[in-house]
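Numbers for residues simply follow the sequence, beginning at 1.
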Amino acid sequence: MRLSHPVRRALLAVLAAGVAAHAAATPWLPREGALPPGLLAGLSMDAKAGDVDGDGDTDLVVAMEWAPVQVLLNDGRGRFSVDPTRVPQTTHDHEEAALADLDGDGDLDLAIVSEDDRASELWLNDGTGRFAVAPFDAAVGAVGNGIIAVDVDADGDLDLVAANADGDRLLRNDGAARFAHDREALPAFEGISQDVIAGDVDGDGDADLVFGKENGARLLLNDGRGRFALASAAQWPALADETRKVGLGDVDGDGDLDVYPANTRFSRPQADAQDRLLVNDGRGGFTDESATQLPPDAQSGFHGDLHDLDGDGDLDLLSADVVFGAPQPSPVRALLNDGSGRFSPAPASLWPATIRGPLFDSVMLDADGDGRAERFLAMRAAPDVLLAR
């Protein structure tokens, strides 16, 4: 028997409530001694997880402003250390890194963008977690805020999409990490880009793009060959927010990808700081359901991510209200999904109010190989933290 969508939503909500109630008994707490003391108390901007040195466990990469990028190597038991001889010790205004196999040799490489000093970098891995600088002419000179690795043209290698303040770029890969700037691939549209994320939102089998921009999030649809067009007004609501981060995931369990723009009023004081939930109709048409699905939020959010925090099988939200100059950092907010895409604050028994900080990124990983996920929080001007349950 096939259940109707409303019935299935209701059933999911009932099941989720029972599982979540049990899971909430175990709180997320900092794992003491997991991270190198003092090293990650600077301006952390972005984090990525992956097996950098090929030893079978999950390592971390942290992009930091005006400090070297930190590669944290896992000992297999969830304790991380740093070997500065493995990576170039460049000091730039690092904003974000893409960690992916860019040259097709089976290990994870790094592409890094920087904002104020426009110092984009490409580092290739030798397979043991030692990185060497490679030419990256296609990204030179860009005011970079975000970068992702994604195969936009279905040719089997990973291209790069850069979210820039001075014009976004699609960098096509020849398969050997030699990149060319395709100046015709992306439409010209106004606004400073802070973030970009990729996923097949319209169900046609290729990777579409959502940009987080200071004049609102924008959806670009792929024609299958890596050439993009702005979504129509019928597909994408008119947004004038200052979006700093974009989350992408199926929040309502209907099999398509929904969008969560995290909004602030850092550069535009007149902007509405309410984060948004844009729900997909399965064909790449989005409706703003923020008013009914999200709690009110008047603070400035620099991060928003979708992950299962309570173990009930649906995607919850992690966000952060960052108020610069405040006497103490605001709590990092966890919002739990009822299974239908409606979110409410997590109880303190799951997510204690003591988890505070100017959160700029987060990543889930199984640090100690026990089959249970930990969460790394990258904080700006506060110590980074690894949370476990």
Side-chain angles (χ1 to χ4, degrees), residues 96-106 108-111 113 120 122 124 134-142 144-191 193-213 216-237 239 243 246-250 255-259 261 278 280-286:
E96 189 166 22
L99 179 66
D101 182 8
L102 299 175
D103 55 5
D105 65 354
L108 298 176
D109 310 300
L110 278 166
V113 293
S120 300
L122 177 62
L124 299 182
F136 203 25
D137 295 343
V140 166
N145 287 315
I147 191 166
I148 57 171
V150 56
D151 185 3
V152 299
D153 46 15
D155 64 352
D157 56 43
L158 292 173
D159 310 295
L160 293 169
V161 181
N164 299 327
D166 57 346
D168 306 311
R169 298 188 187 185
L170 191 152
L171 311 179
R172 291 193 190 270
N173 193 348
D174 70 353
R178 292 185 292 263
F179 293 91
H181 179 192
D182 186 342
R183 299 177 184 276
E184 306 300 322
L186 302 177
F189 56 110
E190 295 181 356
S193 292
Q194 291 287 345
D195 192 29
V196 62
I197 198 165
D200 181 10
V201 303
D202 54 4
D204 63 355
D206 55 39
D208 308 301
L209 301 172
V210 182
F211 281 88
K213 300 180 74 69
R218 297 290 187 271
L219 170 63
L220 274 63
L221 298 175
N222 193 341
D223 68 357
R225 299 170 297 168
R227 294 188 179 276
F228 294 84
L230 273 170
S232 70
Q235 292 173 289
W236 189 256
L239 301 172
T243 298
V246 182
L248 188 67
D250 181 8
D256 55 42
L257 294 174
D258 310 298
V259 177
L278 308 179
N280 194 342
D281 65 4
R283 301 180 300 277
F286 289 84

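- At least one donor-acceptor pair closer than 3.5 Å links the side chain of Glu96 to the backbone N or O of Ile147.
- The main-chain N or O of Ala142 is never found under 3.5 Å from a side-chain atom of Asp166 such that the two would form a donor-acceptor pair.
- Counting all heavy atoms, side chain and backbone alike, Arg283 lies closest to Gln235 at O-NE2, 4.3 Å.
- How far CZ of Arg227 is from CG of Leu186: 10.0 Å, rounded to the nearest 0.5 Å.
- For the pair Ala139 and Ser120, the tightest heavy-atom approach, listed with the atom from each and the gap, is O-OG, 3.3 Å.
- Between the Arg172 side chain and the Gly226 main chain, a donor and an acceptor come within less than 3.5 Å of each other.
- At least one side-chain heavy atom of Leu171 sits under 4.5 Å from a side-chain heavy atom of Phe136.
- Between atom CG of residue Leu108 and atom CG of residue Leu124 there is a gap of 12.0 Å, rounded to the nearest 0.5 Å.
- A donor-acceptor distance shorter than 3.5 angstrom exists from the side chain of Asp256 to the backbone of Gly282, with no hydrogens or angles considered.
- Among residues two or more places apart in sequence or in another chain, the salt bridge (Lys or Arg N to Asp or Glu O under 4.0 Å) test is passed with Arg178 by Asp174.
- Taken to the nearest 0.5 Å, the CG atom of Leu160 stands 4.0 Å off from the CZ atom of Phe179.
- Within the 4.5 Å cutoff, the side chain of Asp168 has no heavy atoms near those of the Leu209 side chain.
- Proximity of a side-chain donor or acceptor of Asp159 to a complementary backbone N or O of Asn173 within less than 3.5 Å is detected.
- Residues Asn164 and Ser193 have side chains not in contact (no heavy-atom distance under 4.5 Å, counting atoms from C-beta outward).
- For the side-chain contact (heavy atoms from CB on, under 4.5 Å) test with Trp236, the passing option among Leu221, Val210, Val201, Leu230 is Val210; the others fail.
- In this structure, Ala217 and Leu239 approach most closely via the heavy-atom pair O-CD1, 4.0 Å.
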Given Thr243 and Phe211, is the side chain to side chain contact (heavy atoms under 4.5 Å, CB included) satisfied, shown in steps? CA-CA 9 Å; Thr243 298; Phe211 281 88; over 6 Å; no
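- Residues forming a salt bridge (Lys or Arg N to Asp or Glu O under 4.0 Å) with Asp109 (at least two apart in sequence, or on another chain): none.
- Not counting sequence neighbours, the partners of Asp223 by the salt bridge (Lys or Arg N to Asp or Glu O under 4.0 Å) test are Arg225.
- Of all heavy-atom pairs between Asp155 and Asp151, the closest is OD1-OD1, 3.1 Å.
- Note that CD1 of Ile148 and CG of Leu99 are 14.0 Å apart. Values are rounded to the nearest 0.5 Å.
- Between Ala198 and Val150, the shortest heavy-atom distance links the atoms CB-CG2, 3.9 Å.
- The backbone N or O of Gly167 sits nowhere less than 3.5 Å from a side-chain atom of Arg169 that would complete a donor-acceptor pair.
- Formation of a donor-acceptor pair under 3.5 Å by the Asn222 side chain with backbone atoms of Asp206 is not found in this model.
- Pairing each heavy atom of Asp200 with each of Gly205, the nearest pair is OD2-N, 2.8 Å.
- Put simply, the side chain of Asn280 gets close to the backbone of Leu257: a donor and an acceptor are under 3.5 Å apart.
- The closest side-chain heavy-atom distance from Leu248 to Asp258 is not below 4.5 Å.
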